[in-house]
Number of protein chains: 2
Amino acid sequence: MGVNLTHSMQDYLKTIYMLTADHTRVPTTRIAQTLNVQPASVTSMIKKLADCHLVDHQSYHGVALTESGRSAALEMIRHHRLLETYLSTALGYDWADVHEEADRLEHYISEEFEDRIASLLGNPLYDPHGDPIPGRDGVLPPTPRLCLLDVPAPATVVIRRVDSSQRDALVFLSTRGITIGATCTVVQKASSYVVIDLAPTSKTIRLPNAIGQRIFVDRV
Amino acid sequence: MGVNLTHSMQDYLKTIYMLTADHTRVPTTRIAQTLNVQPASVTSMIKKLADCHLVDHQSYHGVALTESGRSAALEMIRHHRLLETYLSTALGYDWADVHEEADRLEHYISEEFEDRIASLLGNPLYDPHGDPIPGRDGVLPPTPRLCLLDVPAPATVVIRRVDSSQRDALVFLSTRGITIGATCTVVQKASSYVVIDLAPTSKTIRLPNAIGQRIFVDRV
DNA sequence: GGTTAATTTTAGAGATGTCTAAATTCGTAG
DNA sequence: CTACGAATTTAGACATCTCTAAAATTAACC
(Lines give C-alpha, C1' and ligand atoms only; values in the text may rest on other atoms or scores of the structure.)
Protein backbone atom coordinates (compact mmCIF):
# COMPACT_ATOMS: atom_id res chain seq x y z
CA MET A 1 0.00 0.00 0.00
CA GLY A 2 1.74 3.23 0.86
CA VAL A 3 2.30 4.97 -2.49
CA ASN A 4 -0.22 7.06 -4.41
CA LEU A 5 -0.53 5.74 -7.93
CA THR A 6 -1.26 7.89 -10.96
CA HIS A 7 -3.78 6.82 -13.57
CA SER A 8 -0.90 5.85 -15.85
CA MET A 9 0.92 3.82 -13.25
CA GLN A 10 -2.29 1.89 -12.62
CA ASP A 11 -2.67 1.21 -16.34
CA TYR A 12 0.87 -0.08 -16.59
CA LEU A 13 0.50 -2.32 -13.55
CA LYS A 14 -2.76 -3.75 -14.84
CA THR A 15 -1.22 -4.38 -18.25
CA ILE A 16 1.83 -6.07 -16.79
CA TYR A 17 -0.43 -8.27 -14.67
CA MET A 18 -2.52 -9.25 -17.69
CA LEU A 19 0.61 -10.10 -19.70
CA THR A 20 2.10 -12.15 -16.88
CA ALA A 21 -0.34 -15.05 -17.38
CA ASP A 22 2.23 -17.30 -19.09
CA HIS A 23 5.52 -15.39 -18.99
CA THR A 24 7.46 -14.95 -15.82
CA ARG A 25 8.86 -11.66 -17.06
CA VAL A 26 7.16 -9.36 -19.57
CA PRO A 27 9.23 -7.80 -22.38
CA THR A 28 9.00 -4.02 -22.71
CA THR A 29 7.73 -4.26 -26.26
CA ARG A 30 4.60 -6.20 -25.33
CA ILE A 31 3.63 -3.56 -22.81
CA ALA A 32 4.19 -0.90 -25.46
CA GLN A 33 1.96 -2.75 -27.95
CA THR A 34 -0.78 -3.31 -25.42
CA LEU A 35 -0.87 0.29 -24.23
CA ASN A 36 -0.36 1.81 -27.70
CA VAL A 37 2.74 3.60 -26.58
CA GLN A 38 6.35 3.72 -27.73
CA PRO A 39 8.84 1.32 -26.10
CA ALA A 40 10.87 4.27 -24.82
CA SER A 41 7.84 5.51 -22.89
CA VAL A 42 7.51 2.10 -21.29
CA THR A 43 11.10 2.13 -20.16
CA SER A 44 10.72 5.47 -18.43
CA MET A 45 7.47 4.54 -16.73
CA ILE A 46 8.93 1.22 -15.63
CA LYS A 47 11.78 3.10 -14.02
CA LYS A 48 9.31 5.05 -11.96
CA LEU A 49 7.40 1.91 -10.99
CA ALA A 50 10.65 0.24 -10.00
CA ASP A 51 11.52 3.27 -7.85
CA CYS A 52 8.24 2.68 -6.01
CA HIS A 53 9.03 -1.05 -5.63
CA LEU A 54 5.97 -1.98 -7.68
CA VAL A 55 7.89 -3.88 -10.33
CA ASP A 56 11.19 -5.66 -10.56
CA HIS A 57 13.08 -4.42 -13.60
CA GLN A 58 16.24 -6.03 -14.87
CA SER A 59 17.62 -3.97 -17.74
CA TYR A 60 17.13 -5.66 -21.10
CA HIS A 61 15.43 -8.62 -19.42
CA GLY A 62 11.85 -7.51 -18.93
CA VAL A 63 9.78 -6.70 -15.94
CA ALA A 64 7.76 -8.55 -13.30
CA LEU A 65 5.36 -7.34 -10.64
CA THR A 66 6.40 -7.29 -7.01
CA GLU A 67 3.90 -8.40 -4.41
CA SER A 68 2.68 -4.83 -3.87
CA GLY A 69 2.54 -4.23 -7.64
CA ARG A 70 0.42 -7.33 -7.97
CA SER A 71 -1.91 -6.10 -5.23
CA ALA A 72 -2.34 -2.75 -6.93
CA ALA A 73 -3.03 -4.45 -10.28
CA LEU A 74 -5.59 -6.77 -8.72
CA GLU A 75 -7.30 -3.84 -7.06
CA MET A 76 -7.70 -2.17 -10.47
CA ILE A 77 -8.94 -5.42 -11.97
CA ARG A 78 -11.42 -5.75 -9.11
CA HIS A 79 -12.66 -2.23 -9.80
CA HIS A 80 -12.89 -2.95 -13.51
CA ARG A 81 -14.79 -6.21 -13.23
CA LEU A 82 -17.11 -5.01 -10.49
CA LEU A 83 -17.91 -1.98 -12.62
CA GLU A 84 -18.54 -4.17 -15.66
CA THR A 85 -20.87 -6.33 -13.61
CA TYR A 86 -22.64 -3.31 -12.20
CA LEU A 87 -23.04 -1.61 -15.58
CA SER A 88 -24.44 -4.80 -17.00
CA THR A 89 -26.68 -5.84 -14.12
CA ALA A 90 -27.87 -2.54 -12.67
CA LEU A 91 -27.69 -0.19 -15.64
CA GLY A 92 -28.61 -2.58 -18.44
CA TYR A 93 -25.46 -2.19 -20.55
CA ASP A 94 -24.80 -4.76 -23.26
CA TRP A 95 -21.77 -6.86 -22.38
CA ALA A 96 -19.97 -5.49 -25.43
CA ASP A 97 -20.18 -1.95 -24.05
CA VAL A 98 -19.13 -2.39 -20.45
CA HIS A 99 -15.39 -2.55 -21.02
CA GLU A 100 -14.85 0.96 -22.33
CA GLU A 101 -16.86 2.61 -19.58
CA ALA A 102 -15.27 0.51 -16.82
CA ASP A 103 -11.80 1.23 -18.15
CA ARG A 104 -12.31 4.94 -17.62
CA LEU A 105 -14.09 4.74 -14.27
CA GLU A 106 -11.94 2.10 -12.58
CA HIS A 107 -9.29 4.67 -11.69
CA TYR A 108 -11.66 7.07 -9.97
CA ILE A 109 -14.09 5.12 -7.81
CA SER A 110 -13.52 5.13 -4.06
CA GLU A 111 -13.32 2.12 -1.80
CA GLU A 112 -16.76 3.08 -0.54
CA PHE A 113 -18.16 2.96 -4.07
CA GLU A 114 -16.45 -0.37 -4.64
CA ASP A 115 -17.91 -1.82 -1.44
CA ARG A 116 -21.40 -0.54 -2.14
CA ILE A 117 -21.69 -1.90 -5.66
CA ALA A 118 -20.08 -5.17 -4.58
CA SER A 119 -22.58 -5.78 -1.82
CA LEU A 120 -25.48 -4.56 -3.97
CA LEU A 121 -24.46 -7.20 -6.50
CA GLY A 122 -24.13 -9.84 -3.77
CA ASN A 123 -20.32 -9.92 -3.90
CA PRO A 124 -20.19 -11.61 -7.30
CA LEU A 125 -17.29 -13.88 -8.20
CA TYR A 126 -17.50 -13.42 -11.97
CA ASP A 127 -18.04 -10.46 -14.29
CA PRO A 128 -20.44 -10.40 -17.27
CA HIS A 129 -17.88 -12.15 -19.49
CA GLY A 130 -17.20 -14.82 -16.86
CA ASP A 131 -13.84 -13.40 -15.84
CA PRO A 132 -13.08 -13.89 -12.14
CA ILE A 133 -13.40 -10.88 -9.84
CA PRO A 134 -10.60 -10.67 -7.28
CA GLY A 135 -11.79 -10.31 -3.69
CA ARG A 136 -10.77 -7.33 -1.57
CA ASP A 137 -8.05 -9.64 -0.29
CA GLY A 138 -6.78 -10.19 -3.86
CA VAL A 139 -7.90 -13.81 -4.06
CA LEU A 140 -9.15 -14.83 -7.51
CA PRO A 141 -11.88 -17.44 -8.01
CA PRO A 142 -10.92 -20.12 -10.55
CA THR A 143 -10.97 -19.17 -14.23
CA PRO A 144 -13.07 -21.45 -16.47
CA ARG A 145 -10.57 -22.87 -18.96
CA LEU A 146 -12.24 -25.75 -20.82
CA CYS A 147 -12.56 -24.52 -24.40
CA LEU A 148 -15.80 -25.23 -26.24
CA LEU A 149 -13.76 -26.55 -29.18
CA ASP A 150 -12.14 -29.17 -26.96
CA VAL A 151 -15.47 -30.76 -26.04
CA PRO A 152 -16.26 -33.91 -28.11
CA ALA A 153 -19.33 -33.72 -30.30
CA PRO A 154 -22.41 -34.92 -28.41
CA ALA A 155 -22.16 -33.17 -25.05
CA THR A 156 -24.10 -30.77 -22.86
CA VAL A 157 -22.19 -27.84 -21.36
CA VAL A 158 -22.75 -24.59 -19.48
CA ILE A 159 -21.18 -21.45 -20.90
CA ARG A 160 -18.91 -20.05 -18.23
CA ARG A 161 -16.62 -17.51 -19.85
CA VAL A 162 -16.12 -15.61 -23.08
CA ASP A 163 -12.93 -13.92 -24.21
CA SER A 164 -13.82 -10.26 -23.76
CA SER A 165 -10.91 -8.79 -25.67
CA GLN A 166 -12.61 -8.74 -29.08
CA ARG A 167 -15.66 -6.54 -29.14
CA ASP A 168 -16.85 -8.03 -32.46
CA ALA A 169 -17.08 -11.48 -30.94
CA LEU A 170 -19.06 -10.16 -27.98
CA VAL A 171 -21.55 -8.46 -30.30
CA PHE A 172 -21.80 -11.64 -32.40
CA LEU A 173 -22.62 -13.70 -29.33
CA SER A 174 -24.99 -11.30 -27.61
CA THR A 175 -27.08 -10.82 -30.76
CA ARG A 176 -27.50 -14.59 -30.83
CA GLY A 177 -28.61 -14.75 -27.23
CA ILE A 178 -25.55 -16.48 -25.86
CA THR A 179 -24.95 -15.54 -22.25
CA ILE A 180 -22.87 -16.69 -19.30
CA GLY A 181 -24.64 -19.49 -17.46
CA ALA A 182 -26.58 -20.65 -20.53
CA THR A 183 -26.79 -24.40 -21.06
CA CYS A 184 -26.24 -25.73 -24.57
CA THR A 185 -25.55 -28.95 -26.41
CA VAL A 186 -22.65 -29.40 -28.79
CA VAL A 187 -24.40 -30.99 -31.75
CA GLN A 188 -21.79 -31.17 -34.46
CA LYS A 189 -18.12 -30.41 -34.91
CA ALA A 190 -16.73 -29.58 -38.32
CA SER A 191 -13.21 -28.50 -39.20
CA SER A 192 -14.05 -24.81 -39.26
CA TYR A 193 -17.12 -24.49 -37.09
CA VAL A 194 -19.20 -25.95 -34.24
CA VAL A 195 -22.97 -26.30 -34.11
CA ILE A 196 -24.70 -25.87 -30.77
CA ASP A 197 -28.26 -25.99 -29.53
CA LEU A 198 -29.02 -23.22 -27.05
CA ALA A 199 -31.02 -24.65 -24.16
CA PRO A 200 -34.13 -22.63 -23.36
CA THR A 201 -35.30 -22.34 -26.97
CA SER A 202 -33.35 -25.17 -28.62
CA LYS A 203 -32.18 -22.54 -31.06
CA THR A 204 -29.44 -23.92 -33.30
CA ILE A 205 -26.38 -21.76 -33.81
CA ARG A 206 -23.34 -22.30 -36.00
CA LEU A 207 -20.21 -20.87 -34.46
CA PRO A 208 -17.07 -20.31 -36.56
CA ASN A 209 -14.00 -21.70 -34.82
CA ALA A 210 -12.68 -18.16 -34.40
CA ILE A 211 -15.61 -17.63 -32.08
CA GLY A 212 -15.84 -21.08 -30.50
CA GLN A 213 -12.20 -20.70 -29.53
CA ARG A 214 -13.17 -17.82 -27.28
CA ILE A 215 -15.87 -19.67 -25.36
CA PHE A 216 -15.13 -21.63 -22.19
CA VAL A 217 -17.50 -24.10 -20.60
CA ASP A 218 -18.16 -26.63 -17.86
CA ARG A 219 -19.37 -30.10 -18.81
CA VAL A 220 -22.65 -31.07 -17.22
CA MET B 1 -19.55 20.65 -29.45
CA GLY B 2 -16.20 21.02 -31.19
CA VAL B 3 -13.35 21.03 -28.67
CA ASN B 4 -12.14 18.23 -26.39
CA LEU B 5 -11.91 19.50 -22.86
CA THR B 6 -9.34 18.33 -20.34
CA HIS B 7 -10.32 17.52 -16.78
CA SER B 8 -8.81 20.85 -15.70
CA MET B 9 -10.62 22.91 -18.29
CA GLN B 10 -13.90 21.38 -17.14
CA ASP B 11 -13.10 22.27 -13.53
CA TYR B 12 -12.34 25.86 -14.45
CA LEU B 13 -15.51 26.23 -16.52
CA LYS B 14 -17.65 24.76 -13.74
CA THR B 15 -16.04 27.07 -11.20
CA ILE B 16 -16.53 30.14 -13.35
CA TYR B 17 -20.16 29.19 -13.86
CA MET B 18 -20.70 28.77 -10.11
CA LEU B 19 -19.08 32.14 -9.40
CA THR B 20 -21.14 33.91 -12.06
CA ALA B 21 -24.33 33.82 -10.00
CA ASP B 22 -24.15 37.48 -8.99
CA HIS B 23 -21.16 38.91 -10.84
CA THR B 24 -21.22 39.55 -14.51
CA ARG B 25 -17.48 38.97 -14.72
CA VAL B 26 -15.49 36.82 -12.32
CA PRO B 27 -12.15 38.10 -11.00
CA THR B 28 -9.16 35.82 -11.42
CA THR B 29 -8.51 35.71 -7.70
CA ARG B 30 -11.86 34.20 -6.83
CA ILE B 31 -11.27 31.39 -9.28
CA ALA B 32 -7.86 30.83 -7.73
CA GLN B 33 -9.34 30.70 -4.23
CA THR B 34 -12.09 28.32 -5.26
CA LEU B 35 -9.79 25.92 -7.05
CA ASN B 36 -6.97 26.15 -4.50
CA VAL B 37 -4.56 27.31 -7.14
CA GLN B 38 -2.29 30.34 -7.58
CA PRO B 39 -3.67 33.33 -9.53
CA ALA B 40 -0.92 32.95 -12.11
CA SER B 41 -2.14 29.43 -12.87
CA VAL B 42 -5.62 30.80 -13.43
CA THR B 43 -4.37 33.38 -15.88
CA SER B 44 -2.62 30.78 -17.98
CA MET B 45 -5.57 28.39 -17.99
CA ILE B 46 -7.93 31.23 -18.85
CA LYS B 47 -5.79 32.04 -21.83
CA LYS B 48 -6.25 28.53 -23.08
CA LEU B 49 -10.00 28.64 -22.49
CA ALA B 50 -10.17 31.96 -24.33
CA ASP B 51 -8.25 30.43 -27.26
CA CYS B 52 -11.00 27.79 -27.43
CA HIS B 53 -13.71 30.48 -27.28
CA LEU B 54 -15.05 29.06 -24.03
CA VAL B 55 -14.58 32.25 -22.02
CA ASP B 56 -14.32 35.93 -22.75
CA HIS B 57 -11.23 37.33 -21.08
CA GLN B 58 -10.49 41.04 -20.85
CA SER B 59 -7.06 41.51 -19.32
CA TYR B 60 -7.27 42.78 -15.74
CA HIS B 61 -11.07 42.84 -15.92
CA GLY B 62 -12.08 39.30 -15.16
CA VAL B 63 -13.62 36.54 -17.18
CA ALA B 64 -17.08 35.49 -18.32
CA LEU B 65 -18.34 32.32 -19.95
CA THR B 66 -19.28 32.33 -23.61
CA GLU B 67 -22.38 30.46 -24.69
CA SER B 68 -20.37 27.32 -25.45
CA GLY B 69 -18.44 27.66 -22.20
CA ARG B 70 -21.72 27.85 -20.35
CA SER B 71 -22.96 24.73 -22.12
CA ALA B 72 -19.84 22.82 -21.17
CA ALA B 73 -20.16 23.98 -17.55
CA LEU B 74 -23.81 22.97 -17.40
CA GLU B 75 -22.98 19.57 -18.80
CA MET B 76 -20.47 19.03 -15.98
CA ILE B 77 -23.00 20.25 -13.43
CA ARG B 78 -25.57 17.88 -14.90
CA HIS B 79 -23.12 15.01 -14.55
CA HIS B 80 -22.29 16.06 -11.01
CA ARG B 81 -25.85 16.41 -9.77
CA LEU B 82 -27.11 13.29 -11.53
CA LEU B 83 -24.26 11.35 -9.96
CA GLU B 84 -25.04 12.80 -6.53
CA THR B 85 -28.66 11.78 -6.95
CA TYR B 86 -27.70 8.33 -8.13
CA LEU B 87 -25.19 7.76 -5.33
CA SER B 88 -27.79 8.82 -2.81
CA THR B 89 -30.83 7.04 -4.25
CA ALA B 90 -29.39 3.89 -5.76
CA LEU B 91 -26.28 3.30 -3.69
CA GLY B 92 -27.44 4.59 -0.32
CA TYR B 93 -24.80 7.28 0.21
CA ASP B 94 -25.40 9.87 2.90
CA TRP B 95 -25.94 13.29 1.31
CA ALA B 96 -22.79 14.56 3.00
CA ASP B 97 -20.69 12.02 1.11
CA VAL B 98 -21.98 12.32 -2.43
CA HIS B 99 -20.12 15.48 -3.40
CA GLU B 100 -16.60 14.16 -3.21
CA GLU B 101 -17.36 11.01 -5.19
CA ALA B 102 -19.36 12.88 -7.84
CA ASP B 103 -16.63 15.47 -8.22
CA ARG B 104 -14.19 12.79 -9.27
CA LEU B 105 -16.52 10.78 -11.49
CA GLU B 106 -18.27 13.64 -13.29
CA HIS B 107 -15.35 14.03 -15.72
CA TYR B 108 -15.30 10.41 -16.79
CA ILE B 109 -18.84 9.16 -17.30
CA SER B 110 -20.09 8.80 -20.88
CA GLU B 111 -23.28 10.25 -22.33
CA GLU B 112 -24.64 6.71 -22.25
CA PHE B 113 -23.98 6.45 -18.53
CA GLU B 114 -25.55 9.85 -17.99
CA ASP B 115 -28.66 8.85 -19.92
CA ARG B 116 -29.03 5.54 -18.17
CA ILE B 117 -28.81 6.84 -14.62
CA ALA B 118 -31.05 9.79 -15.53
CA SER B 119 -33.81 7.58 -16.85
CA LEU B 120 -33.35 5.07 -14.02
CA LEU B 121 -33.94 7.95 -11.62
CA GLY B 122 -36.94 9.15 -13.61
CA ASN B 123 -35.15 12.21 -15.01
CA PRO B 124 -35.02 14.02 -11.69
CA LEU B 125 -35.09 17.83 -11.57
CA TYR B 126 -33.29 18.22 -8.24
CA ASP B 127 -30.31 16.56 -6.60
CA PRO B 128 -30.17 15.28 -2.99
CA HIS B 129 -29.44 18.79 -1.69
CA GLY B 130 -32.28 20.29 -3.72
CA ASP B 131 -30.00 21.90 -6.29
CA PRO B 132 -31.52 21.98 -9.77
CA ILE B 133 -30.25 19.48 -12.34
CA PRO B 134 -29.80 20.99 -15.81
CA GLY B 135 -31.53 19.07 -18.60
CA ARG B 136 -29.56 17.69 -21.54
CA ASP B 137 -30.62 20.90 -23.25
CA GLY B 138 -29.00 22.97 -20.49
CA VAL B 139 -32.29 24.24 -19.08
CA LEU B 140 -32.30 24.61 -15.28
CA PRO B 141 -35.41 24.09 -13.18
CA PRO B 142 -36.04 26.95 -10.72
CA THR B 143 -33.83 27.15 -7.62
CA PRO B 144 -35.70 27.30 -4.30
CA ARG B 145 -34.62 30.64 -2.79
CA LEU B 146 -36.90 31.38 0.15
CA CYS B 147 -34.65 31.19 3.22
CA LEU B 148 -35.99 29.46 6.31
CA LEU B 149 -34.88 32.47 8.38
CA ASP B 150 -37.08 34.78 6.31
CA VAL B 151 -40.26 32.89 7.18
CA PRO B 152 -42.27 34.56 10.02
CA ALA B 153 -42.67 32.52 13.17
CA PRO B 154 -45.82 30.41 13.01
CA ALA B 155 -45.67 28.83 9.52
CA THR B 156 -45.59 25.45 7.85
CA VAL B 157 -43.00 24.92 5.13
CA VAL B 158 -41.49 22.18 2.97
CA ILE B 159 -37.72 21.92 2.92
CA ARG B 160 -36.60 22.29 -0.69
CA ARG B 161 -32.89 22.96 -0.71
CA VAL B 162 -29.87 22.94 1.55
CA ASP B 163 -26.59 24.71 0.89
CA SER B 164 -24.31 21.79 0.07
CA SER B 165 -21.01 23.62 0.26
CA GLN B 166 -20.40 22.99 3.97
CA ARG B 167 -20.07 19.33 4.79
CA ASP B 168 -20.47 19.97 8.55
CA ALA B 169 -23.91 21.49 8.04
CA LEU B 170 -24.99 18.52 5.92
CA VAL B 171 -23.91 16.08 8.61
CA PHE B 172 -25.67 18.17 11.28
CA LEU B 173 -28.90 18.09 9.32
CA SER B 174 -28.84 14.46 8.22
CA THR B 175 -28.17 13.21 11.75
CA ARG B 176 -31.30 15.10 12.82
CA GLY B 177 -33.41 13.53 10.09
CA ILE B 178 -33.87 16.66 8.03
CA THR B 179 -34.31 15.80 4.37
CA ILE B 180 -35.42 17.47 1.16
CA GLY B 181 -39.19 17.32 0.85
CA ALA B 182 -39.78 17.13 4.60
CA THR B 183 -42.59 19.24 5.97
CA CYS B 184 -41.98 21.21 9.16
CA THR B 185 -43.43 24.00 11.22
CA VAL B 186 -41.45 27.06 12.26
CA VAL B 187 -42.36 27.25 15.95
CA GLN B 188 -40.17 30.01 17.34
CA LYS B 189 -37.65 32.53 16.07
CA ALA B 190 -34.97 33.88 18.36
CA SER B 191 -32.11 36.19 17.48
CA SER B 192 -29.57 33.39 17.06
CA TYR B 193 -31.66 30.31 16.33
CA VAL B 194 -34.92 28.94 14.95
CA VAL B 195 -37.00 26.16 16.45
CA ILE B 196 -38.84 23.83 14.07
CA ASP B 197 -41.12 20.84 14.43
CA LEU B 198 -40.31 18.11 11.95
CA ALA B 199 -43.53 16.76 10.49
CA PRO B 200 -43.76 12.97 10.57
CA THR B 201 -42.63 12.66 14.20
CA SER B 202 -43.26 16.18 15.50
CA LYS B 203 -39.68 16.09 16.65
CA THR B 204 -38.55 19.52 17.83
CA ILE B 205 -35.20 20.77 16.57
CA ARG B 206 -33.32 23.94 17.40
CA LEU B 207 -31.32 25.23 14.45
CA PRO B 208 -28.56 27.82 14.92
CA ASN B 209 -28.92 30.66 12.43
CA ALA B 210 -25.69 29.57 10.77
CA ILE B 211 -27.59 26.43 9.78
CA GLY B 212 -31.03 27.94 9.18
CA GLN B 213 -29.41 30.36 6.78
CA ARG B 214 -28.53 27.44 4.55
CA ILE B 215 -32.01 25.97 4.36
CA PHE B 216 -34.48 27.02 1.66
CA VAL B 217 -38.18 26.24 1.74
CA ASP B 218 -41.59 26.61 0.11
CA ARG B 219 -44.50 27.89 2.21
CA VAL B 220 -47.45 25.55 2.35
C1' DG C 1 -3.75 64.31 -11.32
C1' DG C 2 -0.03 61.50 -8.78
C1' DT C 3 1.11 57.91 -5.49
C1' DT C 4 0.13 53.70 -3.55
C1' DA C 5 -1.86 49.23 -2.56
C1' DA C 6 -4.09 45.44 -4.45
C1' DT C 7 -4.93 42.69 -8.40
C1' DT C 8 -3.43 40.54 -12.49
C1' DT C 9 -0.19 39.13 -15.91
C1' DT C 10 4.40 37.75 -17.57
C1' DA C 11 8.55 35.09 -17.28
C1' DG C 12 10.76 31.14 -16.22
C1' DA C 13 11.08 26.72 -13.93
C1' DG C 14 9.46 21.92 -12.28
C1' DA C 15 6.70 17.56 -12.55
C1' DT C 16 4.48 14.18 -15.37
C1' DG C 17 4.15 11.38 -19.26
C1' DT C 18 4.60 11.23 -23.93
C1' DC C 19 7.52 11.27 -28.36
C1' DT C 20 11.72 10.61 -31.87
C1' DA C 21 16.30 9.56 -32.82
C1' DA C 22 20.49 7.67 -31.45
C1' DA C 23 23.15 4.54 -28.68
C1' DT C 24 23.52 0.29 -26.21
C1' DT C 25 22.92 -4.56 -25.21
C1' DC C 26 21.47 -9.24 -26.22
C1' DG C 27 21.25 -13.48 -28.53
C1' DT C 28 22.04 -16.05 -32.26
C1' DA C 29 23.56 -17.50 -36.82
C1' DG C 30 27.25 -18.26 -39.37
C1' DC D 1 33.65 -16.18 -31.47
C1' DT D 2 32.19 -12.52 -34.10
C1' DA D 3 29.08 -9.76 -36.23
C1' DC D 4 24.41 -8.67 -37.27
C1' DG D 5 19.60 -7.67 -36.32
C1' DA D 6 16.23 -7.08 -32.91
C1' DA D 7 15.05 -5.39 -28.50
C1' DT D 8 15.86 -1.99 -25.08
C1' DT D 9 17.56 2.10 -23.04
C1' DT D 10 19.32 6.83 -23.13
C1' DA D 11 19.11 11.58 -24.47
C1' DG D 12 16.66 15.37 -25.51
C1' DA D 13 12.34 17.57 -26.81
C1' DC D 14 7.33 18.71 -26.34
C1' DA D 15 2.71 19.33 -24.17
C1' DT D 16 0.06 20.16 -20.00
C1' DC D 17 -0.62 22.30 -15.73
C1' DT D 18 1.28 23.87 -11.89
C1' DC D 19 4.41 27.03 -9.11
C1' DT D 20 7.27 31.42 -7.50
C1' DA D 21 9.00 35.88 -8.27
C1' DA D 22 8.89 39.98 -10.70
C1' DA D 23 6.62 43.33 -13.67
C1' DA D 24 2.48 45.64 -15.18
C1' DT D 25 -2.08 47.55 -14.60
C1' DT D 26 -5.96 49.21 -12.10
C1' DA D 27 -8.47 51.84 -8.89
C1' DA D 28 -8.78 54.75 -5.25
C1' DC D 29 -7.34 58.14 -2.02
C1' DC D 30 -5.57 62.44 -1.06
Side-chain angles (χ1 to χ4, degrees), chain A residues 2-16 19-20 22-65 69 72-73 76 103-104 106-108, chain B residues 2-16 19-20 22-65 69 72-73 76 103-104 106-108:
Chain A
V3 205
N4 275 340
L5 306 181
T6 64
H7 179 137
S8 269
M9 291 165 81
Q10 291 172 341
D11 277 341
Y12 276 86
L13 291 173
K14 198 175 76 162
T15 301
I16 295 165
L19 296 175
T20 308
D22 27 9
H23 310 69
T24 339
R25 308 188 74 80
V26 183
T28 309
T29 321
R30 294 203 62 197
I31 301 171
Q33 288 163 353
T34 308
L35 287 174
N36 277 310
V37 141
Q38 295 302 315
S41 307
V42 175
T43 301
S44 73
M45 177 56 82
I46 278 174
K47 248 185 207 165
K48 177 180 312 189
L49 293 171
D51 288 347
C52 299
H53 306 289
L54 293 159
V55 301
D56 169 52
H57 182 216
Q58 294 175 15
S59 252
Y60 297 99
H61 293 89
V63 69
L65 293 175
M76 270 314 100
D103 233 22
R104 263 180 289 111
E106 64 186 10
H107 305 289
Y108 303 107
Chain B
V3 204
N4 275 339
L5 306 181
T6 63
H7 180 135
S8 270
M9 293 166 80
Q10 291 173 341
D11 278 341
Y12 275 85
L13 293 174
K14 199 176 73 161
T15 300
I16 296 165
L19 295 176
T20 308
D22 27 8
H23 309 68
T24 339
R25 307 188 75 80
V26 183
T28 310
T29 321
R30 294 203 61 197
I31 301 170
Q33 287 164 353
T34 309
L35 288 172
N36 277 310
V37 141
Q38 295 303 311
S41 308
V42 175
T43 300
S44 73
M45 177 55 83
I46 278 175
K47 247 184 208 165
K48 177 180 311 189
L49 293 172
D51 289 345
C52 299
H53 306 289
L54 292 160
V55 300
D56 169 52
H57 182 217
Q58 295 173 16
S59 252
Y60 295 99
H61 292 89
V63 70
L65 293 175
M76 267 318 98
D103 232 24
R104 262 180 288 110
E106 64 185 12
H107 305 289
Y108 304 107

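Letters A, B, ... mirror the listed sequences (proteins, then strands); counts begin at 1. The figures that follow rest on heavy atoms only: side chains count, while hydrogens, waters and symmetry mates do not.
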Original post:
Between B:A64 and B:T24, what is the shortest heavy-atom contact and its length?
Top reply: CB-O, 3.9 Å
Subject >> Test side chain to side chain contact (heavy atoms under 4.5 Å, CB included) applied to A:D11 and A:E106, step by step >> reply: CA-CA 10 Å; A:D11 277 341; A:E106 64 186 10; 4.2 Å; yes
**OP:** Return the residues of residues 55-63 of chain B meeting this criterion: a heavy atom under 4.0 Å from some atom of DNA chain C. Order them by number, or give none.
**Re:** B:H57, B:S59, B:Y60
Original post:
In whole angstrom, what separates A:N4's CG from C:dT16's C1'?
Top reply: 15 Å
Subject >> Residue pair A:K14, A:T34: steps toward the side chain to side chain contact (heavy atoms under 4.5 Å, CB included) verdict >> reply: CA-CA 11 Å; A:K14 198 175 76 162; A:T34 308; over 6 Å; no
Subject >> Member of A:I31, A:D56, A:T20 meeting the side chain to side chain contact (heavy atoms under 4.5 Å, CB included) criterion with A:V63 >> reply: A:I31
**OP:** Calculate the interatomic distance between B:K47 atom NZ and C:dA11 atom P; express it in whole Å.
**Re:** 8 Å
Subject >> Result of checking B:L49, B:L54, B:V55 against B:C52 for side chain to side chain contact (heavy atoms under 4.5 Å, CB included) >> reply: B:L54
**OP:** Mind checking B:T28 for me? I need base, sugar-phosphate or nothing, with any heavy atom below 4.0 Å counting as a touch.
**Re:** sugar-phosphate
**OP:** In whole angstrom, give the distance that lies between atom NE2 of A:H107 and atom P of C:dG17.
**Re:** 12 Å
Subject >> From A:I46 atom CD1 to A:H57 atom NE2, the distance as rounded to the nearest 0.5 Å >> reply: 5.0 Å
Original post:
Roughly how far, to the nearest 0.5 Å, is the NZ atom of B:K48 from the CE atom of B:M9?
Top reply: 6.5 Å
Original post:
Can you give one letter per nucleotide of nucleotides 14-19 of chain D, 5' to 3': B if a protein heavy atom sits under 4.0 Å from the base, S if only from the sugar-phosphate, - if neither?
Top reply: --SSBB
Original post:
Hey, is NE2 on A:H7 packed in by over 12 heavy atoms from elsewhere, all under 6.0 Å?
Top reply: yes
